[in-house]
Number of protein chains: 2
Amino acid sequence: MPLLQEEYLPNIAYDSVIFGFSKEKLKILILEYHNMKTFALPGGFVKVNEPLDEAVKRGLSERTGLDEIYMEQFHTFGSMERFSPQIMRRILEEQGHFVEDHWMFGRFITVGYYALINYENVVPTPDELSDSIEWYDFDKLPPLMMDHSEIVHKALEHLRSNLDQKLLSFNLLPERFTMKELQQVYEAILGETQNRANFQRRMLSLGILERHDKLYSGGSHKAPFLYSFKKKK
Amino acid sequence: MPLLQEEYLPNIAYDSVIFGFSKEKLKILILEYHNMKTFALPGGFVKVNEPLDEAVKRGLSERTGLDEIYMEQFHTFGSMERFSPQIMRRILEEQGHFVEDHWMFGRFITVGYYALINYENVVPTPDELSDSIEWYDFDKLPPLMMDHSEIVHKALEHLRSNLDQKLLSFNLLPERFTMKELQQVYEAILGETQNRANFQRRMLSLGILERHDKLYSGGSHKAPFLYSFKKKK
DNA sequence: GCAAAAGTGTTGAGAATACACCCATGG
DNA sequence: CCATGGGTGTATTCTCAACACTTTTGC
């Protein structure tokens with residue numbers, strides 16, 4: 001029997017909104033309980049002697065294999081709608097655990113975190129309770145269980161505000177990238193097009209980009225500079 | 001014996017930073033466990049069948065008698081430093097409760113909320129575990145237990161950002177107020193003086209103020225207009 | 001009339017925006 | 001040589017801070 005009561009704090013969970021970026025689209029990792037046709041955000045529980053932040057990082061690492069990823073907490077959800085023992089019971093039963101009572105049937109207050117990761121170098125793996133984990137286009141999400149849609153939208157709201165300050169800490173792009181790629185990230189997140197010339201000027205004026213002389217070759221056009229984020233002091 | 005285990009969720013608490021404003025100073029409500037010379041933020045626990053938001057409002061209402069106050073959640077604190085069974089035991093013992101074990105000795109993850117209230121019409125009352133509750137100047141706080149100083153500073157940080165949007169929802173000023181009073185609130189919160197002429201223009205341009213013809217009389221100078229916040233639609 | 005505080009006008013600097021022009025590259 | 005995308009210049013508008021001038025009030 002996994003997830004022993006003694007190991008975890010009851011009534012507290014976290015859910016993570018993991019953003020990725022591919023083909024000019026913003027994506028999110030969603031996991032599925034196949035036989036139930038139920039979709040949910042990857043979440044988890046906090047061990048008795050574990051800081052909250054670490055629990056969240058552990059969860060991300062287990063599912064994506066990524067370490068050293070910056071995650072930002074954005075809101076804690078504590079309404080009574082987040083209480084559905086039936087669903088939790090079915091999830092456990094689908095995994096072959098038939099129990100009368102379980103701490104996971106209780107009510108949970110959940111802390112929301114989000115991360116931005118580089119889509120390319122990730123092979124997501126489902127956790128012990130779910131059957132699959134997939135990238136979904138942000139605007140084509142399946143219906144999510146409980147209040148998980150609300151959580152996703154609140155995450156995006158927080159991400160959009162002060163995006164400039166956040167980019168540096170995040171890991172959405174490869175080590176070196178072109179200005180165009182950076183602009184596509186902005187446009188995907190903000191959901192609106194940016195003026196190319198002004199975008200470039202604004203980014204450079206932030207003083208967080210380093211320009212590299214090496215050029216990129218790919219299309220039948222002028223080769224763009226490559227940039228990287230300056231290391232934080 | 002108060003605070004029965006069955007009534008409350010274990011391991012989850014909230015702490016509230018209640019800002020008030022008086023004599024051009026920003027104040028905070030702090031409670032004290034007298035014999036222990038220990039100071040703390042007013043906080044509380046969540047009942048088993050109670051939404052988080054409601055628990056927080058209940059706590060504010062019990063301590064200040066105020067209802068219908070807007071509170072904003074700003075961060076959830078979950079480090080292991082927030083675990084000090086010795087202090088909780090002494091607090092209970094000072095109140096005459098000698099117990100071997102208690103759910104309050106456990107580890108807590110706490111959700112931080114803040115509110116801005118009108119200092120004038122409040123008579124704070126201590127809760128069942130504390131001995132007194134007092135307003136303290138924000139810049140003359142006593143040393144606070146555990147990570148409560150960090151919580152206070154994070155609250156102020158959140159309050160300062162996008163102050164314009166928040167003012168409308170808050171209850172820091174009387175129903176009708178002068179532009180000068182509003183400016184003093186801003187200066188107390190932001191910790192820096194504002195240019196009078198430009199401040200006035202900026203406030204009016206936000207479109208959230210209603211100007212009333214009635215004038216205020218008080219000093220030997222031109223009588224200022226009174227303003228109120230427009231009702232939200 | 002004078003000091004104190006309130007209301008409003010003017011100005012200039014710097015940021016943001018729109019748009020235009022020229023440059024490199026592959027086919 | 002032309003289509004495509006990249007880099008930069010410029011002119012215009014907008015925002016906002018600094019400061020000055022005028023108005024009202026009580027003494």
Scan for salt bridge (charged side-chain N to carboxylate O under 4.0 Å, His left out) pairs involving residues 63-80 of chain A, sequence neighbours excluded, and state none if there are none.
A:R63-A:D127
Treating primed atoms plus P, OP1 and OP2 as sugar-phosphate and everything else as base, which nucleotides of nucleotides 21-27 of chain D get B, S or - for protein heavy atoms under 4.0 Å?
--BBBB-
Provide, to the nearest angstrom, the distance between the [atom1] atom belonging to [X] and the [atom2] atom belonging to [N].
X	N	atom1	atom2	answer
A:M203	C:dT17	CE	C1'	15 Å
B:Q183	D:dA17	CD	C1'	14 Å
B:R202	D:dA17	CZ	P	7 Å
A:F199	C:dT17	CZ	C1'	15 Å
A:N195	C:dC19	CG	C1'	8 Å
A:N198	D:dT10	CG	P	15 Å
B:L226	C:dG7	CG	C1'	15 Å
B:D164	D:dC16	CG	C1'	13 Å

Donor-acceptor contact present, side-chain A:H148 to main-chain A:L41, <3.5 Å
yes
Quick one: sort the A:F19 and A:F138 rings into parallel, tilted or perpendicular, breaks at 30° and 60°.
tilted
Would you kindly compare B:K180 and B:R201 by the position of their nearest DNA chain C nucleotide and give the one closer to the 5′ end?
B:K180
Distance in Å, B:D147 CG paired with B:E81 CD, rounded so as to fall on 0.5 Å steps:
8.0 Å
Taking distance alone, no hydrogens or angles, what donor-acceptor pairs closer than 3.5 Å link side-chain atoms of residues 202-211 of chain B to residues at least two apart or in another chain?
residue: B:R202; atom: NH1; partner: B:D164; partner atom: OD1; Å: 3.3
residue: B:R202; atom: NH1; partner: B:D164; partner atom: OD2; Å: 2.9
residue: B:S205; atom: OG; partner: B:R202; partner atom: O; Å: 2.8
residue: B:R211; atom: NE; partner: B:Y227; partner atom: OH; Å: 3.1
residue: B:R211; atom: NH2; partner: B:Y227; partner atom: OH; Å: 2.8

Between A:Q200 and D:dG7, is there a contact of a side-chain N or O with OP1 or OP2 at under 4.0 Å?
yes
Identify the residue among B:Y14, B:F77, B:F45 that makes a ring pair (Phe, Tyr, Trp, His ring centres under 6.0 Å) with B:F108.
B:F45
Looking at B:R58 and B:E54, is there a salt bridge between them, counting it only when a charged N and a carboxylate O are closer than 4.0 Å?
no
Quick one: which of D:dT8, D:dG7, C:dG7 gets closest to the side chain of A:F225?
D:dG7
